[in-house]
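Scroll down for the structure; my scribbles are underneath it.
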Amino acid sequence: MMCTLAATFNPDRVLVGLAEWVTNALSAWPALSSLALILMSTVPLVAIFPGCFAVATWLERKGLGRFQNRIGPNRTGPFGLLQPAADGIKMLLKEDIVPAQADKFFHFWAPILAVVPAFLVLAVIPFGRQMVPAQLDIGVLYFFGVGSMSTLVVFVAGWASRNKYSMLGGMRAIAQVVSYEAALVLAAVPPIMAAGSMNTAHIVESQIVAEWVSGGNILVQNAGSLLGWHVFTPWGFCGFLLFFVASLAELNRSPFDLPEADSELVAGHLTEFSGFKYALFFLAEYVNLFAIAALAATLYLGGWSGPNFFWPAGLAESAPPAALVPGFVWLFAKMFAMLGVMIWIRATFPRLRVDQLMGFAWKFLLPLALANIVSAAFFIRLPWWAAWPISLGLSFGAYAALCVVNRQKGIGPREYRYA
Amino acid sequence: MESFVSSLVFWVFATGLVAFSVLTVAGRSPVSSAMSLVATMIFVGGILITLQAYFLGMMQVMVYAGAVMVLFLFIIMLLNLDQESVRKKAWVKALSGVALCGGLFWILLGGLGLGQSRPLPPVPQGSDIRDLGRLLFTEYLLPFELTAVLLLVAIVGVILLCHQVRDRAAKKGGA
């Protein structure tokens, strides 16, 4: 009895098992069961990510406070933990101000349209084994396609406000995001090549050494679920850093926060939004952050896989082994780790100038991403003893060459064109 | 049930497509026209997805609605903002536009050979990205590469023209 319980007990499959149990219980009514399946894969996302948003704002304020030798929020609740709730109530009660000259229609719709793509892209994130809300064969492409809508929304928000600071913020956002999107998408190509698929679930599975995980002792199993991550290859290391840096610019986060540069543009495209509209923009920003962090983890950090305590699941010979730590715990741990690094970067680096921003995207990130694709192609096609030196040479050689080419030659007079 | 849902989805997308195309042309301010065009692109992508051309549908949204329209908006902003809302109705232009559209539609009808239905070539099953890539790099390699060169020529040409104008301005400023 104990033995069978141990064999069927699998924390990794808790949520999948629950979903299967509900659909089986409703199997007499097919329409109801498919509706339940849809609700079970969407409602948790809409419930959990605003919660993550609240935690992230608290972490960011607390973290920045510590970095700047302050305490941070500490009045509401223990350790200031209720600060997000207090902020939310404050935002809800604030007056909604629409400028007299504003385009009423777009001013109303911009915050709503900002939130929609942020949640839509979560549909292709694999949160665990068999836990993808929508199994799409073009998953990564869908992510970038839907995600590119948020650029338009930033611009529309800036334009609809009829405020020069908003407008400048919107223009800067477009120039910046279009430039960095090229590097971001190219940085996402190597894992697609390695997996031979744009399906995010397949990309994660391609980073797990299945025969090591299903057999051997605990050390081999953990090596199999850790060492397969793309970040441990030369092109993967380079690609992950590229993706991470480009995603900072995509998210308008420091040091690329020129669209909202508060010392120059008040708050950029957010200037004329008050109350809950402002809160919605912030919600969209943080959900986008978590989504891109989840995609970065999926592409390069093995997604939901990680070191674990495995035992045979006992269902069938080919079934993946049971694991103690559920996959979504690993994914969220990776996402929050990346959030931590982002907060650290925000506290450390000053904002870039516009010309530096553009030069960095087009003269450094984009060529490096292209070289990295070539490096990944060699790595994937060649046997390991040839792949490692060639890939190392290509990725890091390209990095060194670009550093030499882009070296700043003294500080001369500067010429500004468009803001 | 299945065919009812798919035809319902098609009609939703088709109605939205036509409505937003009309709004694109009829809109007064350039920015709202551009936003209608974005919605049109998204609906075109939706129709491609209902035809199971997932890759093409997503590319439609990403390239046109995402990138090209962003550049459109950028250019609208760089043009004169004062003239934004003073677009007058021009009947001659409108009539010639309608005539042009009618002519194009007529040609399209002839090209499709309406009335004499032909069986379509079979749709390849499985991953459409793989098939598309294979076709692009085997059968259509030359046109594909030539298009790429064409785009490169366009970019280089634009830079050349801009530099000529700037050099001339610099010379005038110097003299």
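Source: prediction; values computed, not measured. Sequence lines set the chain letters: A, B, ... in the order given, protein chains first and strands last, and positions in each chain run from 1.
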Next on the checklist: Do A:Leu152 and A:Met149 have side chains that approach each other closer than 4.5 Å (heavy atoms only, starting at C-beta)?
Outcome noted: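 Answer yes - side chains close enough.
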
So for [X], is it side chain, backbone, both, or neither that comes closer than 4.5 Å to the heavy atoms of chain B?
| X | value |
| --- | --- |
| A:Tyr142 | both |
| A:Phe106 | side chain |
| A:Val177 | neither |

Checklist entry - In terms of ring plane angle, is the pair B:Phe20 and B:Phe43 parallel, tilted or perpendicular, where the classes change at 30° and 60°? => result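 Geometry flag for B:Phe43 against B:Phe20: parallel rings.
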
Checklist entry - When the ring planes of A:Phe360 and A:Phe364 are compared, do they come out parallel, tilted or perpendicular, using 30° and 60° as the limits? => result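 The arrangement is parallel - the two ring planes meet at less than 30°.
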
Checklist entry - Can you say whether B:Val38 sits under 4.5 Å from chain A via the side chain, the backbone, both, or neither, judging by heavy atoms? => result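 Just its side chain gets close to chain A.
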
Item to check | Atom of A:Gly139, atom of A:Thr200 and distance for their closest heavy-atom approach | outcome: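 Minimum heavy-atom separation between A:Gly139 and A:Thr200: C-CG2, 4.5 Å.
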
